[in-house]
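Chain A is the first sequence line, chain B the second, and so forth, proteins listed ahead of strands; every chain is numbered from 1. Heavy-atom basis, side chains included; hydrogens, waters and symmetry copies ignored.
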Number of protein chains: 2
Amino acid sequence: MHAILRARSPVWDPGPVTTPPHGLRERKKQATREALREAALRLAVEYGPDQVRVEDIAEAAGVSPRTYNNYFSSREQAIVAAITADRETRIAAAVAARPARVRLADAVTEAVVKHYTNTGEREHEALLLMTTRTALRDAFLDATADIEPPLTAVIAERLGDAGPHTARVLAASVAVAVRIALEGWLQLTGNAGAAGNFRAGGLVVPSGSLSDQLHAALSPLAPAFDVAERHTQP
Amino acid sequence: MHAILRARSPVWDPGPVTTPPHGLRERKKQATREALREAALRLAVEYGPDQVRVEDIAEAAGVSPRTYNNYFSSREQAIVAAITADRETRIAAAVAARPARVRLADAVTEAVVKHYTNTGEREHEALLLMTTRTALRDAFLDATADIEPPLTAVIAERLGDAGPHTARVLAASVAVAVRIALEGWLQLTGNAGAAGNFRAGGLVVPSGSLSDQLHAALSPLAPAFDVAERHTQP
DNA sequence: GCGCAAAATTGCGTGCACGCAATTTTCCTG
DNA sequence: CAGGAAAATTGCGTGCACGCAATTTTGCGC
């Protein structure tokens with residue numbers, strides 16, 4: 001299985017605080033990135049996901065195949081990125097937008113739930129396409145990890161640099177909870193829509209809407225947020 | 001990038017509760033798996049990690065190259081598996097062994113810390129080998145996710161099936177926290193050993209031993225465990 | 001505009017991951 | 001022990017990921 005949606009090495013890099021040096025260069029790269037995303041999704045929808053080769057996507061975007069892999073490190077990433085696009089930024093911004101008096105746990109949960117339930121028709125159609133192909137579904141689930149860095153930043157701001165790893169651990173936990181919720185939801189829509197919870201192998205597998213899944217997965221983390229928050233502002 | 005260390009699809013499968021059907025077949029498979037692990041590590045240490053091809057490992061273990069990929073889905077997995085081996089089982093067992101009166105959060109933390117600080121010489125030597133190669137380091141960090149399933153089981157037992165996803169979210173959060181701790185630790189040993197915390201890009205990067213890193217990363221999750229535990233046994 | 005240094009793109013070569021279908025091995029049953 | 005089905009192994013073919021080094025493009029100071 002292909003792991004990861006992030007091209008960079010996983011070792012923590014705080015990243016530049018100020019805007020990167022060459023603003024114009026950067027915009028061009030983003031344009032290329034978007035062109036690749038769009039081309040990938042369009043071709044995947046039109047011809048079916050596994051009929052699209054990297055070569056095709058690159059050509060449609062006007063770059064060499066090798067350049068494709070400078071932007072996306074797997075064939076599936078570009079397709080997934082077309083759907084997830086600015087998810088990370090949006091969720092982080094939504095959290096930051098909440099007034100400081102609401103519980104951080106609630107702010108995060110609401111931001112996440114709102115994002116995932118507000119997905120338009122285009123995404124929903126594409127999702128059905130993805131869930132049928134194992135590699136695509138894996139890449140889609142792996143993409144949840146991308147919310148970690150921006151979420152870390154916004155949490156760290158709210159917490160005022162509590163413990164060393166605190167913000168990052170909370171952000172990463174949210175990401176992994178979202179992943180679990182999505183897995184549960186996909187499994188439901190995949191199987192027959194049996195309502196109600198049922199037992200399987202000694203574990204409770206929850207049923208319900210995506211919103212239910214997200215709430216169920218995120219709620220166990222709320223106490224961690226509460227304590228971290230209280231720790232900074234008694 | 002290659003994702004995941006787990007061969008199985010990421011969608012949740014409760015798995016069989018009873019022992020799998022063919023006990024003898026299974027043991028043979030484990031033998032082959034171990035042979036591949038050992039061969040991989042031995043060759044990697046002897047000739048250097050990137051001088052070892054999958055073909056070599058397979059040959060040393062007496063199977064075809066194609067069979068290698070039936071057991072491990074990347075070249076690096078076998079090498080990493082030789083070190084991490086029964087980590088998942090050991091940690092879960094250590095948690096289960098603690099008396100029910102100790103805080104679950106403490107039980108988990110202690111089990112994890114003890115495991116990672118008790119690694120023998122063999123592992124430490126191999127670790128230095130791995131951290132220098134990006135692909136290997138990534139695979140090593142990805143392997144932390146493997147503790148999720150057994151940890152989920154043991155947590156679920158202690159919690160008595162609290163919420164639907166609760167046990168799994170907690171287990172996955174622990175896994176991701178361990179990953180973060182390891183990343184921080186690797187970054188430290190990689191760079192010059194500057195002591196004390198320092199600021200980089202507005203985030204606090206912690207310094208200290210592996211044990212310190214683990215405690216720092218796991219402590220934010222403790223309240224989540226406490227509440228989940230209290231929720232079942234008031 | 002000119003030139004130059006940094007950065008992005010590209011081609012090439014290599015090993016790898018994996019679907020598929022054929023083959024061999026294992027283990028159960030009568 | 002023979003038959004036969006399930007499971008594991010294997011070979012093959014294909015596309016892919018990525019290191020490396022050469023080349024082209026970009027942005028900036030003059």
Distance in Å, B:Met130 CE paired with B:Asp138 CG, rounded so as to fall on 0.5 Å steps: 10.5 Å
Using a heavy-atom cut-off of 4.0 Å across all strands, would you classify [X] as base, sugar-phosphate, or nothing?
X: B:Arg25; result: base
X: B:Arg53; result: sugar-phosphate
X: A:Arg75; result: sugar-phosphate

Just to confirm, is there a sub-4.0 Å distance from OP1 or OP2 of [N] to any side-chain nitrogen or oxygen of [X]?
X: A:Lys28; N: D:dT26; answer: yes
X: B:Tyr71; N: D:dT9; answer: yes
X: B:Thr67; N: D:dT9; answer: no

Electrostatic pair B:Arg42-B:Glu46, nearest N-O below 4.0 angstrom: yes
Contact nearer the 5' end of DNA chain D, comparing B:Lys29 with B:Pro65: B:Lys29
Of B:Tyr68 and A:Asn69, the one whose closest DNA chain D nucleotide lies more 5': B:Tyr68
Between [options], which nucleotide gets closest to the side-chain atoms of [X]?
X: A:Arg66; options: C:dT9, C:dA8, C:dG11; answer: C:dG11
X: B:Val63; options: C:dG11, C:dT9, D:dT10; answer: D:dT10
X: A:Ser64; options: D:dA17, C:dG11, C:dC16; answer: C:dG11

Over-ring placement of B:Arg33 relative to B:Phe72, 6.0 Å and 45° cut-offs: yes
Could you state the [atom1]-[atom2] distance from [X] to [N], rounded to the nearest angstrom?
X: A:Asp138; N: C:dG19; atom1: CG; atom2: P; result: 11 Å
X: B:Glu55; N: D:dC12; atom1: CD; atom2: P; result: 13 Å
X: A:Ile57; N: D:dG15; atom1: CD1; atom2: P; result: 14 Å
X: B:Asp56; N: C:dT14; atom1: CG; atom2: C1'; result: 14 Å

A:Tyr116 and A:Arg87: side chain donor to acceptor below 3.5 Å: yes
4.5 Å side-chain heavy-atom contact, B:Thr131 and B:Phe140: no
